[in-house]
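Remarks on the structure that follows.
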Amino acid sequence: MTHQENIYDLVKLIPEGKVTTYGRISDFLALGSARVVGWALNQCNKNGANIPAHRVVNRKGELSGRGSFATPSTMQELLEQEGVEVLDNCVVNFDLVVWDPLELL
DNA sequence: CCTATGACGCCGG
DNA sequence: GCCGGCGCCATAG
């Protein structure tokens with residue numbers, strides 16, 4: 001059982017129009033490090049897995065992973081498609097659109 | 001086996 | 001509130 005599977009499953013559960021953070025995922029799955037999440041998502045793009053990785057941002061709401069998508073603007077475009085406003089690589093009203101995995105409980 | 005690196009985050013200055 | 005340093009864990013070389 002790899003962390004990737006857990007991370008993929010959780011990321012798939014992020015509601016459309018919402019975003020969450022590496023730290024929250026790391027916390028919820030007790031991974032011990034948020035870096036692992038970033039690494040797993042990086043691989044998922046490469047794997048071509050159908051994961052909404054664009055809904056994962058860093059703790060400040062910045063699109064830190066945009067560089068790993070097809071083009072640097074892909075991540076932002078996908079978010080805006082779902083109604084998430086992005087300005088200067090940051091999620092607008094981050095506090096309002098952030099989703100915490102704990103809400104599953 | 002050991003070192004460097006990274007889609008991160010907390011703490012102290 | 002910004003910045004630098006350090007810890008964190010998995011991988012690649």
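This one's a predicted model, so the numbers in the text were calculated from it and none came from an experiment. In what follows, every chain begins at residue 1, and chains take the letters A, B, ... in the order their sequences are listed.
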Exercise. On DNA chain C, check which nucleotide each of A:G32 and A:R59 is closest to and give me the residue with the more 5' one.
Key: A:R59
Rounded off to whole Å, could you give me the [atom1]-to-[atom2] distance for the [X] and [N] pair?
X	N	atom1	atom2	value
A:N47	B:dA7	CG	P	17 Å
A:W39	B:dT5	CH2	P	18 Å
A:E62	C:dC2	CD	P	10 Å
A:L41	C:dC9	CG	P	18 Å
A:Q4	C:dC9	CD	P	18 Å
A:H3	B:dG6	NE2	C1'	17 Å
A:R55	B:dA7	CZ	C1'	17 Å
A:Y22	B:dC10	OH	C1'	18 Å

Practice problem: State the CH2-CG distance between A:W39 and A:L31, to the nearest 0.5 angstrom. | Solution: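 If I round to the nearest 0.5 Å, the distance is 12.0 Å.
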May I ask you to say what [X] touches in the nucleic acid, namely base, sugar-phosphate or nothing, with a heavy-atom cut-off under 4.0 Å?
X	answer
A:A40	nothing
A:N58	sugar-phosphate
A:L63	nothing

Quiz item: Rest of the hydrophobic cluster containing A:L87 (Ile/Leu/Val/Met/Phe/Trp/Tyr, side-chain heavy atoms under 4.5 Å)?
Solution: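 A:V92, which link up through side-chain heavy atoms under 4.5 Å apart, make up the rest of the cluster.
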Quiz item: Among the nucleotides B:dA7, C:dC9, B:dG9, which one has an atom lying closest to any side-chain atom of A:A53?
Solution: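 Selected nucleotide: B:dA7.
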Quiz item: Do other residues, nucleotides or ligands put more than 12 heavy atoms under 6.0 Å from the CD atom of A:Q43?
Solution: yes
Exercise. Please state whether the phosphate of B:dA7, meaning OP1 or OP2, lies under 4.0 angstrom from any side-chain nitrogen or oxygen of A:R66.
Key: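 So the side-chain polar atoms of A:R66 never come under 4.0 Å of the phosphate oxygens OP1 or OP2 of B:dA7.
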Show me the side-chain donor-acceptor pairs of residues 52-65 of chain A shorter than 3.5 Å, one per line, residues at least two apart or across chains.
residue : atom : partner : partner atom : Å
A:H54   : NE2  : A:E82   : OE2          : 2.9
A:R55   : NE   : A:E82   : OE1          : 3.0
A:R55   : NE   : A:E82   : OE2          : 3.2
A:R55   : NH1  : A:I14   : O            : 2.8
A:R55   : NH2  : A:E82   : OE2          : 2.7
A:N58   : OD1  : A:K60   : N            : 3.1
A:N58   : OD1  : A:G61   : N            : 3.1
A:N58   : OD1  : A:E62   : N            : 2.9
A:N58   : ND2  : A:E62   : OE1          : 3.1

Quiz item: Are A:L104 and A:V19 connected, step by step, through hydrophobic side chains (Ile, Leu, Val, Met, Phe, Trp, Tyr) whose heavy atoms are closer than 4.5 Å?
Solution: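 No, no single cluster joins them.
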